[in-house]
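Right, one structure below, let's go through it.
What's counted below: heavy atoms across the whole structure, side chains too, no hydrogens, waters or symmetry copies. Residue numbers start from 1 in every chain, and the chains themselves are labelled A, B, ... in the order their sequence lines are given, proteins ahead of strands.
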Amino acid sequence: MKSEPSEFSIDTLYARPKHTDMWDGVRNYQARNMLRDSIKKRDLVFFYHSNCAEIGIAGIMEVVKESYPDPTAFDPDDAHFDPNSDPANPRWFVVDLKFKRKLKRVITLHELKSHAPLRDMRLLQKGNRLSVMPVQQSEWDFILSLE
DNA sequence: GCCAACGTTGGC
DNA sequence: GCCAACGTTGGC
């Protein structure tokens, strides 16, 4: 999952009560579908820092609560308010994530691109802009071996 | 700040 | 249903 650290970083998550927060504000249907349907409790998730000085994978989170409606979609004062999301038929979803650990160092995008075993990673495909995307087990293991 | 890639909107 | 216009993402 991607976030701009100027908005919300791995350290922001750590500073939250119980090191846990909801992953709100996703407003893309493909990403929504993954949040809603595919991501399960106890899944592990890479925290990717985008659009910043050191772009790459910064840490690991754990899903502690499966999908439920994104409350920010119902709040007119929230930047992610969506008047078309009806509480009776919510359009957007969140999961709760708990900080697990930071990687020993940020594994940068540049470095990820340099490794053949990661060639097919969703993150590295051209034009990819999804903020939530799957990681294969083999990719996960390989990335952690780079630490 | 630039711009390629992509998603969404809305007129027709 | 098509597609031009527009907005957003995110690396550089």
Listed partners of [X] passing side chain to side chain donor-acceptor pair (under 3.5 Å), at least two apart:
X	value
A:D82	A:W92
A:K100	A:E62
A:D86	none

Strictly below 4.0 Å, heavy-atom distances to any atom of DNA chain B: list the hits from residues 73-82 of chain A, or just say none.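 Close to the strand, none.
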Pairs satisfying salt bridge (charged side-chain N to carboxylate O under 4.0 Å, His left out), at least one member in residues 123-138 of chain A, at least two apart: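 Passing the test, one end in residues 123-138 of chain A: no pairs.
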Roughly how far, to the nearest 0.5 Å, is CE of A:M61 from CG of A:L97?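 Reported value, rounded in 0.5 Å steps: 4.5 Å.
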With a cut-off of 3.5 Å and sequence neighbours excluded, list every side-chain donor-acceptor pair involving residues 41-55 of chain A.
from, atom 1, to, atom 2, distance (Å)
A:D43, OD2, A:K40, N, 2.8
A:H49, NE2, A:I10, N, 3.1
A:N51, ND2, A:E4, OE2, 3.2

Partner residues of A:F81 under the side chain to side chain contact (heavy atoms under 4.5 Å, CB included) criterion, sequence neighbours left out: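 With neighbours one apart ignored, the set is A:P76, A:P83.
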DNA chain B: A:N84 or A:K126, which has the more 5' nearest nucleotide?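 Of the two residues, A:K126 wins.
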Pairing residues for A:R101 by the salt bridge (Lys or Arg N to Asp or Glu O under 4.0 Å) criterion, not counting sequence neighbours: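 With neighbours one apart ignored, the set is A:E147.
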All N/O pairs under 3.5 Å across the protein-nucleotides 5-12 of chain C interface:
from, atom 1, to, atom 2, distance (Å)
C:dT8, O2, A:R129, NH1, 2.7
C:dG10, OP1, A:K2, NZ, 3.0
C:dG10, OP1, A:R129, O, 2.9
C:dG11, OP1, A:Y48, OH, 2.7
C:dG11, OP2, A:N51, N, 2.8
C:dC12, OP1, A:K113, NZ, 2.9

